[in-house]
Structures are given as structure tokens and as C-alpha cells.
Amino acid sequence: MLRLEVDEEVVIQLVSIDRADELTAAVIKNKEYLRNWLVWVTPEFSVKESSEFIRQRLIDFEKNRGISLFILKNGRIAGVLGARDINAADRSAEIGYWVSKNEQGNGLVTNSCRVFIKYLFKHLDLNRIVIKCATENIKSQAIPERLGFKKEGVLRQAQCLHDRFVDTAVFSLLKEEWDVNSQ
């Protein structure tokens, strides 16, 4: 099982179906906040959706298409971090993340991303990693900026979030830039 230590309190590890109830509870507890930025957070979100998410992410992992990890703080789910659209030919992937509202502002996501990016560059030999986030989501945009990503631009009305279209900022990081900044 993929498990990476971030610090003495935090690990990121491959999602597992036995934690579907805990994942559901974390999403429901943060539903109003997460719904602003994540289209899959619906009023009806339940263990069924969590279980299906985990099953699909494990299939993606087996087929080398993606990696989804729980962000665990003191053994409890604080959020999710993942890489999707892993392209072996282009050696690229897109990463995304979410964290419980009460866990924001303490470096949890930034530090978890730092460890995950190192893993992706070193063990998967990726050359390019992309992060996309809504331009209105200032906290989410601060993460790639802190990690040395370059802002490539803005995709206008690129995502429909429930009842509104939002612009999406696109950030990228190349392996050679990461090596230079040696995180």
C-alpha cells in the first residue's frame, strides 16, 4: 500500500474502501464549504458516493491512470490529495486536493503536496505536473504558488460549479524546476 510520511502527525496513503464511512462524514461535515469549489459535493452525498469514488480511484491506480490518497492527520481523514490523467507518454499528470475547513491555514495541504510531488517526479518519473483551481479560490491558488509552480494562464468559464461557471487558473511545475528548488 502506498503510504508517505509528511511529518510526525500527517501521512498520505492510498484510499481504501474500509474508510468510506469516515470519508463521507468528513465531506458532509464540510459540505457547505466544499460545495463552493467541488462539483461532486451534492446535498445527497452519501456513503454510496464515497464508496464508488474509492472503487474508481483504486481501479485508476491499478491501471496507472491515477493515484488518490487520504490526507491523514493523527490517523483521521483531513482531506484527499490525488493525481489524475497520468500520461506515461508525456510524463505528465494533474494533481488536485481538498481539505476540511478547520485544517486550512496550517500547511497541511502544501506539505502533503510537497511530499506527493517528490514521489511523482522521483518514482513515476513525471516531467510536468499541473494544478487547476477556480480563480475565486484564493487559498487553493496559494498552494501551487508556494510550491514554485508557474501560472500559465486562466481558462475562462472552464468549469460549471452547480449553478455557475467559474474561471480556472492553470499552474504547472517541471521536474527541472523542482530539482533546482530541491524541496
Minimal non-hydrogen separation, [X] against [Y], with atom names:
| X | Y | result |
| --- | --- | --- |
| Val170 | Lys132 | CG2-CG, 4.1 Å |
| Cys113 | Leu81 | SG-CD1, 3.8 Å |
| Glu177 | Ser172 | OE1-O, 4.3 Å |
| Ala20 | Ile54 | CA-CD1, 3.9 Å |
| Ile86 | Ala93 | CG1-CB, 3.8 Å |
| Arg19 | Arg76 | NH2-CA, 4.1 Å |

Is there a chain of hydrophobic side chains (I, L, V, M, F, W, Y, each step under 4.5 Å between heavy atoms) that links [X] to [Y]?
| X | Y | answer |
| --- | --- | --- |
| Ile28 | Val47 | no |
| Leu23 | Leu2 | yes |
| Ile17 | Phe70 | yes |

Given side chains that start at C-beta, do those of [X] and [Y] come closer than 4.5 Å, heavy atoms only?
| X | Y | value |
| --- | --- | --- |
| Leu108 | Val10 | yes |
| Ile95 | Val130 | no |
| Arg146 | Val109 | no |
| Phe121 | Ile129 | yes |
| Leu174 | Lys150 | no |
| Trp98 | Val27 | yes |
| Asn111 | Arg114 | yes |
| Gln104 | Val99 | yes |

Asn30 side chain to Ser100 backbone, donor-acceptor under 3.5 Å:
no
Would the distance check show the side chain of Asp167 and the main-chain N or O of Thr135 forming a donor-acceptor pair, the cut-off being under 3.5 Å?
no
Out of curiosity, [X] [atom1] to [Y] [atom2], how far, rounded to the nearest 0.5 Å?
| X | Y | atom1 | atom2 | answer |
| --- | --- | --- | --- | --- |
| Asn36 | Asn137 | CG | CG | 8.5 Å |
| Leu34 | Lys29 | CG | NZ | 11.5 Å |
| Cys133 | Lys139 | SG | NZ | 13.5 Å |
| Leu147 | Phe116 | CG | CZ | 12.5 Å |

NZ/NE/NH1/NH2 to OD/OE distance under 4.0 Å, [X] and [Y]:
| X | Y | answer |
| --- | --- | --- |
| Glu44 | Lys31 | no |
| Arg91 | Asp125 | yes |
| Arg128 | Glu152 | yes |

Whether Phe53 and Trp40 hold their rings parallel, tilted or perpendicular, with breakpoints at 30° and 60°
parallel
Report the residues that fulfil ring-ring contact (aromatic ring centres under 6.0 Å, His included) with Tyr97, sequence neighbours left out, ordered by chain and then residue number.
none
Say whether Glu145 and Gln141, considering side chains only, have a donor N or O and an acceptor N or O under 3.5 Å apart.
no
Quick one: do Leu58 and Leu14 satisfy side chain to side chain contact (heavy atoms under 4.5 Å, CB included)? Show the steps, please.
CA-CA 8 Å; Leu58 291 172; Leu14 189 64; 4.0 Å; yes
Assess whether atom CZ of Arg84 is packed by more than 12 heavy atoms of other residues, nucleotides or ligands within 6.0 Å.
no
Can you confirm whether more than 12 heavy atoms, excluding those of Arg164, are under 6.0 Å from its CZ atom?
yes
Among Val15, Asp60, Leu124, the one residue meeting side-chain contact (heavy atoms from CB on, under 4.5 Å) with Ile67:
Leu124
After noting the C-alpha distance and the side-chain angles of Ser16 and Asp18, does the key distance pass the side chain to side chain donor-acceptor pair (under 3.5 Å) rule?
CA-CA 5 Å; Ser16 57; Asp18 62 319; 2.6 Å; yes
